[in-house]
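One structure is given here, and the rest of the page talks about it.
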Amino acid sequence: MHSNIGFRAKPIPKSIIDKTKNELLDKNIRKIDIYCHSSADEDTINSAKVFYNWLTKNGKDVKICVPQAEVEKLYFPSKEYKLKGSDRVIPDKSIVLDFNSKERLSSQYCDLFKNNLPQNVIGYDHHTPSNILNGDFYVDDSAKSCCSVLTRFFEGVGEKLSQKDKKNLYCGMVSDYKKSGLVTFNKSEKGYNLIKTDKLLNDKNSLEVFNKLDKSLGNKDKQEIYTHLDPLARLTIDEKQLQKKLYSELEVSRNGKMAYVVIPTNDKLWKKVGMDTPTTSEILKDLRVQVSTNSQKVKMLSDEQKQKMKNVDTVIAFYQKDNEYRMSIHSKSNSALKLIDYIKENINPDLIAGGHADRAGGKVDSLKEDDVNNFINSFIKASDIL
């Protein structure tokens, strides 16, 4: 069962909130698991934290399903939350936050999730449903972060959020808004200034829910979050070397519309910096956003590269994560899902990928040379055709 109810970051209908509240706070419900998506980011982990705090305050035994290694550099004080480790006890209810597709389920918890009955799974998300998990999901694919959806949820619950939870929601929201180009930062001697872009100013609902949280926090709290969300300001020597290397190795598709960088499997520098970490994720994201938005203003590109990339509007990074090979896309022309759909329909129907029109991700569960090359080439071929 899968309910896709679009409330577009507007106040959530009372019937939806009451249904979730009644199911989770029922006196017979004791154990609850909260699932974050694989390669956990600020939006999924901060959504989980706020739900965790609400449920534990109401006497529930809650655990978060996210690998310890994935939260070490996120806005996440591990000592305050219980993570699901080797415990494989099936809970009374499971909550899925910031994803709804099977490909985003962490491999560490796949078998555990399969043992859940669909009627015991509740989800809140903002991604277009694809290869959906079984459960009762409420999806607003026009919202720009799961934390913005949950801000509306807790607004509807009618319980006053603590300052800590307001900071949690704000962190997740700003992180995803930054990814989508709704906000940017300027740094000065006095700290960070958050800038609302035209994209946010023209999105009434995203702006409204952002302003609610923004006005509820003091400058000190916001500066703490902005600083945390800017790992590029504190790169190590090796991370700076990686960043420079990635820009220098950017390639361009034959039609000139897509740029891409390939980090080979077992790349020594990629391994040295820890492979897929919050910092390297930010490095890759910053590259994708800058080059897809306006390659001609990217300082780390040579004049020759800028000439080749003058028509680029979509950028893909290919990289290894543990025993998987992944890709992440940013597209100014909203072509991310078009590429994915074309590949599924014409090249590889088993492609594991999904996301938003302007940004998406995917993977192949293999590091074999042929599998990796076929994965990469499918996107290059699709870009040349579309």
Are more than 12 heavy atoms, taken from residues, nucleotides or ligands other than [X], located less than 6.0 Å from that residue's [atom1] atom?
| X | atom1 | answer |
| --- | --- | --- |
| Asn202 | CG | yes |
| Lys244 | NZ | no |
| Arg254 | CZ | no |

Can you list the residues that meet the side-chain hydrogen bond (donor to acceptor under 3.5 Å, both in side chains) rule with [X], with sequence neighbours excluded?
| X | result |
| --- | --- |
| Ser145 | Ser148 |
| Thr128 | none |
| Ser216 | none |
| Asp198 | none |

[X] side-chain N/O to [Y] backbone N/O, donor-acceptor pair under 3.5 Å:
| X | Y | value |
| --- | --- | --- |
| Lys21 | Asp26 | no |
| Asn22 | Asp18 | yes |
| Lys167 | Leu217 | no |
| Gln305 | Tyr247 | yes |
| Thr20 | Ile17 | no |
| Thr44 | Leu97 | yes |
| Thr56 | Asn53 | yes |
| Ser335 | Lys338 | no |
| Asp322 | Glu324 | no |
| Ser383 | Phe379 | no |

Which donor-acceptor pairs under 3.5 Å do the side chains of residues 340-352 make with protein atoms, sequence neighbours left out?
residue, atom, partner, partner atom, Å
Lys344, NZ, Ala353, O, 3.3
Asn346, ND2, Tyr342, O, 3.0
Asn348, OD1, Asp350, N, 3.0

Going through the checks in order, is the side-chain hydrogen bond (donor to acceptor under 3.5 Å, both in side chains) test met by Lys196 and Asn211? CA-CA 10 Å; Lys196 303 172 186 176; Asn211 285 339; 2.8 Å; yes
Residues forming a ring pair (Phe, Tyr, Trp, His ring centres under 6.0 Å) with [X], sequence neighbours excluded:
| X | result |
| --- | --- |
| His127 | His356 |
| Phe51 | Trp54, Phe153, Phe154 |
| Tyr109 | none |

Look at the side-chain heavy atoms of Ile, Leu, Val, Met, Phe, Trp and Tyr, link any pair under 4.5 Å apart, and say whether Leu246 and Leu235 land in one connected group.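 Linked within one cluster.
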Should Tyr260 and Ile385 be regarded as members of a common hydrophobic cluster, given that ILVMFWY residues are connected when their side-chain heavy atoms come within less than 4.5 Å of each other, either directly or indirectly?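 Yes, it is one cluster - the side chains of Tyr260 and Ile385 are joined through contacts under 4.5 Å.
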For Asp313, which residues count as a salt bridge (charged side-chain N to carboxylate O under 4.0 Å, His left out) partner, sequence neighbours excluded?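 Asp313 satisfies salt bridge (charged side-chain N to carboxylate O under 4.0 Å, His left out) with no residue once adjacent residues are dropped.
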Can you confirm whether or not the ring centre of Phe113 sits under 6.0 Å from the ring centre of Tyr35?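 So the answer is yes for these two rings.
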How is the hydrophobic cluster of Ile237 composed, in terms of its other members, when Ile, Leu, Val, Met, Phe, Trp and Tyr link through side-chain heavy atoms under 4.5 Å apart, directly or indirectly?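 Besides Ile237, the cluster holds no residue at all.
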Pairs of donor and acceptor atoms involving the side chains of residues 170-179, under 3.5 Å and at least two apart or interchain, shall be tabulated with distances.
residue, atom, partner, partner atom, Å
Tyr170, OH, Asp214, OD1, 2.6
Tyr170, OH, Tyr226, OH, 2.6
Asp176, OD2, His126, NE2, 3.4
Asp176, OD2, Arg359, NH2, 3.4
Tyr177, OH, Ser206, O, 2.9
Lys178, NZ, Leu229, O, 2.9
Lys178, NZ, Glu282, OE2, 3.1
Lys179, NZ, Asp41, OD2, 2.8

Among Asn266, Asp267, Asp276, Val372, which residue meets the side-chain contact (heavy atoms from CB on, under 4.5 Å) test with Gln320?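 The side-chain contact (heavy atoms from CB on, under 4.5 Å) with Gln320 is passed solely by Asn266 among Asn266, Asp267, Asp276, Val372.
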Steps toward side-chain hydrogen bond (donor to acceptor under 3.5 Å, both in side chains) verdict (Asn46, Lys49): CA-CA 5 Å; Asn46 280 286; Lys49 285 160 62 180; 3.1 Å; yes
Aromatic rings Phe318 and Phe375: how do their planes relate, parallel, tilted or perpendicular, breaks at 30° and 60°?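 Plane angle over 60°, so perpendicular.
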Within the structure provided, determine whether Phe185 and Leu194 are in side-chain contact (heavy-atom separation under 4.5 Å).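 Yes, side chains in contact.
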Salt-bridge contact Lys19-Asp136 (side-chain N to carboxylate O under 4.0 Å):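 Salt bridge between Lys19 and Asp136, a charged N being under 4.0 Å from a carboxylate O: yes.
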Whether Asp358 and Lys199 form a salt bridge (side-chain N of Lys/Arg under 4.0 Å from carboxylate O of Asp/Glu) is what I want to check.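 Salt bridge between Lys199 and Asp358, a charged N being under 4.0 Å from a carboxylate O: yes.
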Going by atom types only, do Asn168 and Asp165 share a side-chain donor-acceptor pair under 3.5 Å?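 Result is yes, a qualifying pair exists.
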Pairs where residues 53-71 contributes a residue and the test salt bridge (Lys or Arg N to Asp or Glu O under 4.0 Å) is met, not counting sequence neighbours: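 Output for this query lists Lys31-Asp61, Lys57-Glu159, Asp61-Lys82, Lys63-Asp87, Glu70-Lys321.
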Under the side-chain hydrogen bond (donor to acceptor under 3.5 Å, both in side chains) criterion, do Ser253 and Asn255 qualify, and how do the steps go? CA-CA 6 Å; Ser253 61; Asn255 63 11; 2.8 Å; yes
May I have the step-by-step check of side-chain contact (heavy atoms from CB on, under 4.5 Å) for Thr151 and Glu155, ending in yes or no? CA-CA 6 Å; Thr151 299; Glu155 178 184 80; 5.6 Å; no
Run through Asp98, Asp203, Asp43 and flag the one making a salt bridge (charged side-chain N to carboxylate O under 4.0 Å, His left out) with Lys144.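 Testing each of Asp98, Asp203, Asp43 against Lys144, the sole residue satisfying salt bridge (charged side-chain N to carboxylate O under 4.0 Å, His left out) is Asp203.
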